[in-house]
Structure formats: C-alpha cells, structure tokens
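One structure is given below, encoded as structure tokens.
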There are 2 protein chains.
Amino acid sequence: MLIEIDFNSPEAIYIQLRNQIVMAIARERLHDGDSLPSVRSLAGTIGVNMHTVNKAYAMLREEGYLKLDRRKGAVVSVETAGKDKELDKINDYMQMIVAQAICKEISREEITRMVDEMYEEFRLL
Amino acid sequence: MLIEIDFNSPEAIYIQLRNQIVMAIARERLHDGDSLPSVRSLAGTIGVNMHTVNKAYAMLREEGYLKLDRRKGAVVSVETAGKDKELDKINDYMQMIVAQAICKEISREEITRMVDEMYEEFRLL
DNA sequence: TATCTGATATAGTAATTCTATAACAGATGG
DNA sequence: CCATCTGTTATAGAATTACTATATCAGATA
C-alpha cells in the first residue's frame, strides 16, 4: 500500500490520504477484508500526526469504504447499499465538470471517451 | 443573474460564487461580452464582503472566464485556447469520480448516461 | 467634479488543518 | 497477568485560510 503525500498541495493531507485509499480500492490493490496499517504506524510511515490519519479513516468509514475495529484495526469493507446517495454526490461533482467542459468547448464525446478510458485503466492496474 | 449562497455550506463562499458563474455561462444565461455586477454591488446584493466577490472574480479571470477592466467592470470572456490544460484538470477530477463509482459498483454506462443527460440539460436551460 | 470601476493594503475574527500529548477501553499474545 | 496493540476521545497550541471591515489609489465616466 504505497501512499504519497504532497505536503505543498493545497489539498488537505487527510483528503489526499482518503483519495489514495479510494483509488487503491478501485484499482483492486485493496480488496474487501484487507487490513490497512494502524493509524499510528501509517502516520509514522508518511510522517504526519496520528490524528491526520485517524481523520481520513473516520471519513472513509463514514463514506462506507472501511470498517474500524478495536481488535482488527481498519479493514476494507465497501458498502454498496446506498447507491442512490452516491449517485447524487457524483451528480453534483459531474455537473461542475460538464459545466467547465461546455464553457471550454470540450465535447460530450471527449468527456465520455475520457470516462471510458478511465474505466479501462482502473480495470487493468 | 441569480446567485444563491448557502452560508452553512462547507464550500467557501467565493468558490460557490465562482461555480455558479461558470454554470451560468455553460447554461448560456451569460454570454461573451456580458457585464457582471461590480464587486461592490454584487457583494451588497448577496450580503457578503467586497473582497469575497473580488476573490471569485480574480479566480475566474485566472481560469479564463472573465476579463476585468477598471472602466467596463467584469466582462464575460471565455478563453478556449488552453484546452489541454483544462483537459488535464478535468482528468484529475474525473479520476476521483470514476474511482468512487467503481468502488460503489456504478457502471461505466451509468456514468456516461449521466454525462449525456447533463450535456442535454445544459443545452436546454 | 462627483462617482463609478477594479486593485491593493492592513488588520481583526473565525474556522479549519495539523500537530502534540495524554489518557481510555477493549482485544491480543507472551 | 501484563505489556502491547487497536481505535476513540479530550485538550491545547500553531499555522493557514476564509471572511469581514476600512481605507486608499488610479483610471474611467457622466
């Protein structure tokens, strides 16, 4: 589980962490049942405070990607039940993307092709 | 030009402002050459500080949506030259969206259908 | 000349982010 | 039994960002 943090990024560290773990799951580098490093050890590895990792883990639990257990630690467990809520969230993000694309004269085909390629990429890696 | 700010949103006010103006351009409620309200008047209308609006305008200029002029004020002027840079930016956003979609078992077809519908919507309104 | 425009400077408040330290309950392994 | 690990929680401080409040400036306008 390779994590890389850009300390100069305007993106908050715990958000970068959260994003990379979501992508690792999508890329099937992390599977249901896999254990993540403990908050303390991961914090030590990447050189941040324990609470920063904890915040990312808590967020991922809230979003239905992890289950946290005092004995087993952080275990990947993707909740696919609330799919409608997820679609609403994605819809909001997508609205901004498409708005920008339209303004910048980027066609529907260019965007859907981008989506297609991205789905392929995630399946391969 | 109807602007609605959610003061309880975690999204910064100047970002909400920026987003709504981009969407207004995409929806063709704002066209190239249209003037926006002055920073002071818009700030007064929505009940925020002048600097907050100024920050949004400066960001939109930076991103190639507006031109700011001391005499004409803020004028819509969409720069479509740096299309590659825009595609890179959209690619990053899209990567996170697709990652989440894959994790939550949302299919490629569902996403591309969402994009298609969104392009239609923006054309209509 | 009075009034508008964006731009800029300064300063204060509030919220968020990150760090630091500490302690807790529960589970685990020697 | 005890040391050690887990996530969880509390508190506090530093740093950064967001927002507000005033004020001033140069340039354009009517």
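All values below were derived from every heavy atom in this structure, side-chain atoms included, with hydrogens, water molecules and symmetry-related copies excluded. Numbers restart at 1 for each chain; the letters A, B, ... are given by sequence-line order, proteins then strands.
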Answer yes or no: are there more than 12 heavy-atom neighbours, outside A:Lys83 itself, under 6.0 Å from its atom NZ?
yes
Check every atom of C:dA27, C:dG6, D:dG7 against the side chain of A:Arg70 and return the nucleotide holding the closest atom.
D:dG7
Give each protein N/O atom lying under 3.5 Å from an N/O atom of nucleotides 18-21 of chain C, with the pair distance.
residue: C:dC18; atom: OP1; partner: A:Ile13; partner atom: N; Å: 2.4
residue: C:dT19; atom: OP2; partner: A:Asn49; partner atom: N; Å: 2.9
residue: C:dT19; atom: OP2; partner: A:Thr52; partner atom: OG1; Å: 2.7
residue: C:dA20; atom: N6; partner: A:His51; partner atom: NE2; Å: 3.1
residue: C:dT21; atom: O4; partner: A:His51; partner atom: NE2; Å: 2.5

Interatomic distance where CD1 belongs to B:Ile5 and C1' belongs to D:dA18 [whole Å]
14 Å
Separation of D:dG27 C1' from B:Leu68 CG (nearest whole Å):
15 Å
Can you check whether any acceptor in the base of D:dT8 is under 3.5 Å from a donor in the side chain of A:Arg40, or vice versa?
yes
Provide, to the nearest angstrom, the distance between the NZ atom belonging to B:Lys67 and the P atom belonging to C:dA7.
14 Å
Across the strands shown, which category fits A:Asn54 at heavy-atom distances under 4.0 angstrom: base, sugar-phosphate, nothing?
base
Spacing of CG belonging to A:Asn19 relative to CG belonging to A:Leu60, to within rounding of 0.5 Å:
9.0 Å
Side-chain N,O (A:Ser38) to OP1/OP2 (D:dT6) below 4.0 Å:
yes
Would you say CD of A:Glu62 has more than 12 non-hydrogen atoms from neighbouring residues, nucleotides or ligands within 6.0 angstrom?
no
Within the structure shown, what part of the strands sits under 4.0 Å from B:Ala58 by heavy-atom distance: base, sugar-phosphate, or nothing?
nothing
Separation of D:dA18 C1' from B:Ile46 CD1 (nearest whole Å):
14 Å
D:dC19 P sits how many Å from B:Asp6 CG, rounded?
12 Å
Just so I know, are the side chains of A:Ile21 and A:Tyr65 near enough to count as touching, which here means a heavy-atom distance under 4.5 Å?
no
What is the distance from NZ of B:Lys72 to P of D:dA28, rounded to the nearest Å?
12 Å
Do the side chain of A:Lys104 and the main chain of B:Glu79 share a donor and acceptor less than 3.5 angstrom apart?
yes
Nearest heavy-atom approach of A:Glu4 to A:Gln16 is O-OE1, 4.3 Å
Using whole Å, what does the distance between atom C1' of nucleotide D:dC5 and atom CG of A:Leu42 come to?
16 Å
On DNA chain C, compare the nucleotides closest to A:Arg71 and B:Gly73; which residue's is nearer the 5' end?
B:Gly73
Between P on C:dA15 and CG on B:Asn8, what's the gap in Å once rounded to a whole number?
12 Å
Step through the shown structure and confirm whether more than 12 heavy atoms of other residues, nucleotides or ligands are within 6.0 Å of NZ on A:Lys89.
yes
